[in-house]
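Whatever order the structure lists them in is the order used to number ligands and atoms, beginning at 1. No hydrogens, no waters, no symmetry mates; every other heavy atom, side chains included, goes into these values.
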Amino acid sequence: MFDTIAAISTPRGEGGIGIVRMSGEDSINILSKIFRPISKKKVEELKNFTINYGHLYSGVNLVDEVMVSIMKGPKTYTKEDIVEINCHGGYLMTEKVLELVLSNGARIAEQGEFTRRAFMNGRLDLTQAEAVIDLIHGKTERSLSLSLDQLRGDLKDQILHLKKLLLDVVAHINVVLDYPEEGIDDPLPEGLVGNLKEVLETSDRLSASYNQGKMIKEGVKTAIVGKPNVGKSSLLNSLLKEERAIVTHIPGTTRDVIEEIINIKGIPLILADTAGIRNTDDFIENIGVEKSEKLLNDADLILFVVDGSRELSEEDLRVHNSIHSEKVVGILNKIDIEQKIDLSKLDKVGRWIEISAKENIGIAKMEEEIYSYIVSGKVEDSSQTLVITNIRHRSALVKTKEAIENIFETINMGLPMDLIAVDLKEALDALSEVTGEISSEDVLDHIFSNFCVGK
Ligand SMILES: Nc1nc2c(c(=O)[nH]1)N(C=O)[C@@H](CNc1ccc(C(=O)N[C@@H](CCC(=O)O)C(=O)O)cc1)CN2
Ligand SMILES: Nc1nc2c(ncn2[C@@H]2O[C@H](COP(=O)(O)OP(=O)(O)OP(=O)(O)O)[C@@H](O)[C@H]2O)c(=O)[nH]1
Ligand SMILES: [K+]
């Protein structure tokens, strides 16, 4: 049995309500020492799955007026007894309530420890636990939707299905090994070859879906570049206009700048340091060569804007020289007025998209083109097929795929069947890593350290 943990599960700050949550076999006992229900009932007598109004006391001192939810295991979030104290929100009040439960026997929970217990106690597999954290970090509708599918168990079910297919093959091999008269040299039955093919195809497709999943989850780092006055701000505005409802401003997590996010068909484009780019006369000179190089290196996508109504200039060429051809999309702006530019020297740009940011011409088509550029045409409809968003899952699925490829090599060379046993085990172990049936403390520590406190 684990000890009883407690944490503030709502965000720090002033809010209407704050929730202090406990999980563990001592939860209800701890509550009985600090809570007086208005019903005058003893805490031990409160019914399961009820919410109870009353007051918290520290000795004779009133601490707060609260509502307390009582949930007895095993049908709870952690499968343990859970008590949730709904107190008044606010830094100090929630801290005081937390201190009260800690001084009565609970221990402060580590990050993600509630969810870790849900995993340890078998209510969630590892992919579902990871989905919980992704839900909390999710910033677009589409990433939330992927996380919800994963929380529901879609990926877990798929992985368990693949394991089942491989276990059928293992069972056959074992029979062959136990009863050699079955013939080690006989080919694997058609049906089982089919099993292996399905595992190969699915692990291949799933691991390949990671690129798309990562984009949906983390967004595409985008830099809009071009010499002054070509229309970068106007371009940005026209993109923002199209998507006004889902424009979000979130503080950057790694640097303390505000990142601007536009959303193209569910994929967030994170505009890198846009203020720096848009508000300077010559961004390369003003933000410094080093910083601009870093920005351009870090970007997943560069939108290189030129003004079609003016002749190509040295400045255009300088910006052109600083960018990487493999991730640039050209935006030819101001097509509403007479065209003078000759694009032939800008040979790093494979594709030009013609727009007028001012007159709003070609914006929808540009979004389509940017979208198909970033997903490189390999996109699948993520509402129909499973998409993975976690690099841990991808590595394990690549391992699975490679092990099955080895098996097919063995089969094609006509080698004895018992030789595939090792690769089968490797594939099965890799799949078990995804669901967490095989896991190490280190891996778990790493995963749950990304959680917030109280989750
Ligand atoms: N107040 C509160 N709100 C919350 C949570 C919470 O823990 N507390 N959640 C926390 O993330 C989420 C809801 N997730 C939950 C998932 C499972 C169970 C649970 O009790 N599951 C039981 C079935 C209960 C029943 O059958 O009635 C089980 O799976 O056995 C509860 C919450 C979001 N909202
Ligand atoms: N005719 C026409 N004018 C445009 C178009 N897009 C932008 N402009 C004009 O071009 C000028 C510069 O536009 P901005 O969007 O500020 O250009 P910028 O590249 O952000 O400029 P800097 O911030 O100086 O780098 C403004 O007067 C815009 O109205 C367009 O599609 N057609
Ligand atoms: K500008």
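The side chain to side chain donor-acceptor pair (under 3.5 Å) test applied to Ser103 returns no partner, not counting sequence neighbours. With sequence neighbours excluded, no residue forms a side chain to side chain donor-acceptor pair (under 3.5 Å) with Ser147.
The cationic group of Arg351 does not satisfy the cation-pi geometry with Tyr373, failing either the under 6.0 Å distance to the six-membered ring centre or the 45° limit from the ring axis. With Phe448 as the aromatic partner, Lys455 does not meet the cation-pi criteria of under 6.0 angstrom to the ring centre and within 45 degrees of the ring axis.
Of the N or O atoms in Leu235, none lie within a sub-3.5 Å distance of an N or O in ligand 2. Geometrically, ligand 2 and Ser233 share a nitrogen or oxygen pair separated by less than 3.5 Å. Not one N or O of Pro228 is nearer than 3.5 Å to an N or O of ligand 2, by distance alone. Checked against a 3.5 angstrom limit, the closest N/O atoms of Ile355 and ligand 2 fall outside it.
Per-residue contacts place Ser234 under 4.0 angstrom from the following atoms of ligand 2 (heavy atoms of the residue considered): 6 (N), 7 (C), 13 (O), 14 (P), 15 (O). Of all the atoms in ligand 2, the ones that sit under 4.0 Å from a non-hydrogen atom of Asp336 are 1 (N), 2 (C), 30 (C), 31 (O), 32 (N). Under a 4.0 Å criterion applied to the non-hydrogen atoms of Glu84, ligand 1 contributes the atoms 1 (N), 2 (C), 6 (C), 7 (O), 8 (N). With ligand atoms numbered from 1 in the order given, ligand 2 contributes 15 (O), 17 (O), 18 (P), 19 (O), 20 (O), 22 (P), 25 (O) to contacts under 4.0 Å with heavy atoms of Lys232. Listed by number with element, the atoms of ligand 2 under 4.0 Å from a non-hydrogen atom of Ser356 are 30 (C), 31 (O), 32 (N).
Heavy atoms of Gly226 stay at 4.0 angstrom or farther from ligand 2. Using a 4.0 Å heavy-atom cutoff, Arg21 is listed among the residues neighbouring ligand 1. Between Lys455 and ligand 1 there is a heavy-atom distance shorter than 4.0 Å.
Judged by distance alone, the side chains of Asp125 and Thr127 do bring a donor and an acceptor atom under 3.5 Å apart. Remark: the Tyr53 side chain and the Ser39 side chain contain no N/O donor-acceptor pair separated by less than 3.5 Å. Between the side chains of Asp336 and Ser356, at least one donor-acceptor pair of N or O atoms lies under 3.5 Å.
Looking at atom 20 (O) of ligand 1, its nearest protein heavy atom turns out to be Thr76 CA, 3.2 Å. In this structure, atom 15 (C) of ligand 1 lies nearest to the protein heavy atom Tyr77 CD1, 3.8 Å. In terms of protein heavy-atom proximity, atom 28 (C) of ligand 1 is closest to Arg123 CD, 3.7 Å. The shortest contact between atom 30 (O) of ligand 1 and any protein heavy atom is with Lys75 CA, 3.3 Å. Scanning all protein heavy atoms for the shortest distance to atom 27 (O) of ligand 1 gives Phe49 CZ, 4.4 Å.
Of the protein's heavy atoms, none falls inside 4.0 Å of atom 5 (C) of ligand 1.
At a heavy-atom cutoff of 4.0 Å, ligand 2 is contacted by the side chain of Ile337 but not by its backbone.
For the pair Asn86/Ile19, a side-chain contact is recorded, criterion being any heavy-atom separation below 4.5 Å from C-beta on.
Side chain of Lys348 to backbone of Ile323: a donor-acceptor contact under 3.5 angstrom is found.
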